[in-house]
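The structure appears below as structure tokens.
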Amino acid sequence: VKPKTVVDVGANLGQFAVASGHLFQGAAIFPIEPDLHVAEQLRNNVGIPTAENIQVTAVGDYIGSATFHVNRDSQVSSLLPLGADRIDSFPDSKVVENVTVPVTTLDALFDGVALLEPILLKIDVQGFEDRVITGAGSFLKRVRWVLIEVSFSKLYEGEREFEAIVDLLKNHGFQFVRPLNIHFSPKTGEIIEMDALFWRDPIKV
């Protein structure tokens, strides 16, 4: 995986964006984060010139606005309400505020924007991943790798599970490669979610 551009959807405080800056020397990094207050910290963490590329918006399958459920743990904040398994396994995950945020699509966000390829797209949006994919029909044609958080549990209401994400990405020519990180329930020890790597063979496109 050697991208020249990294698009980080759900950048939070910049954990992946900062790591990408070290892993992929010279790559252009585009962090996207809907929470205005978190985005301010993100801007401080990633530094210049990456900070100039930050987009403060949610990403989905339409252009408009939506209610964003701000959680005590900012990594758990989502456009979707908390699911039963999230509440049961992580009782400290509590919504502290509901705010209205803009929503756009990757197709709209990068329409006409010149990006160096190959592109790595990272999606970690707490249950809204399938909507991000749906709103990226044209953009995904430019992407080589997708790193996406997928769920095996009811962490958010309306979240699509792993098999549905596989089918969505398969329709865009991507195949599942391997898990890169696995999250376990602290109560049961079961796998509840993982970071999954997908790849699209440019020769077959």
*Would you check, one step at a time, whether the test side-chain contact (heavy atoms from CB on, under 4.5 Å) holds for Leu121 with Trp145?*
CA-CA 6 Å; Leu121 170 62; Trp145 304 277; over 6 Å; no
*Step-by-step side-chain contact (heavy atoms from CB on, under 4.5 Å) determination, Leu155 to Glu193*: CA-CA 9 Å; Leu155 299 180; Glu193 59 185 354; 3.4 Å; yes
*Apply the test side chain to side chain donor-acceptor pair (under 3.5 Å) to residues Gln75 and Gln126: give CA-CA distance (whole Å), side-chain angles for both, the deciding distance (0.1 Å), then the verdict.*
CA-CA 8 Å; Gln75 295 183 85; Gln126 306 305 310; over 6 Å; no
*What do the steps show when you test Phe30 against Leu115 for side-chain contact (heavy atoms from CB on, under 4.5 Å), and what is the final call?*
CA-CA 10 Å; Phe30 293 83; Leu115 300 175; 3.6 Å; yes
*Carefully, step by step, assess Asp8 and Ile32 under the rule side-chain contact (heavy atoms from CB on, under 4.5 Å).*
CA-CA 6 Å; Asp8 184 358; Ile32 305 169; over 6 Å; no
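Between Ser74 and Asn12, the side chains place a donor N or O and an acceptor N or O closer than 3.5 Å (distance only, hydrogens not considered). A donor-acceptor contact closer than 3.5 angstrom is absent between the side chains of Asn71 and Ser77.
Residues Leu140 and Leu168 are members of one and the same hydrophobic cluster, defined by side-chain heavy-atom contacts under 4.5 angstrom among Ile, Leu, Val, Met, Phe, Trp and Tyr.
Note that NE2 of His69 is 8.0 Å distant from CG of Leu82, once rounded to the nearest 0.5 Å. The line from CD of Glu190 to OG of Ser185 is 6.5 Å long, rounded to the nearest 0.5 Å.
Between Phe176 and Phe162, the ring-plane angle classifies as perpendicular under the 30° and 60° cut-offs.
Pairing each heavy atom of Val6 with each of Ser20, the nearest pair is CG1-OG, 3.9 Å.
The distance between the ring centers of Phe128 and Tyr156 does not fall below 6.0 angstrom.
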Return a table of donor-acceptor pairs under 3.5 angstrom between the side chains of residues 48-67 and protein atoms on other chains or two or more places apart.
| from | atom 1 | to | atom 2 | distance (Å) |
| --- | --- | --- | --- | --- |
| Asn53 | ND2 | Ile29 | O | 3.2 |
| Thr57 | OG1 | Pro102 | O | 3.1 |
| Tyr62 | OH | Ser65 | O | 3.2 |

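Cation-pi contact between Arg86 and Phe90: present, with separation from the ring centre below 6.0 Å and deviation from the ring axis of at most 45°.
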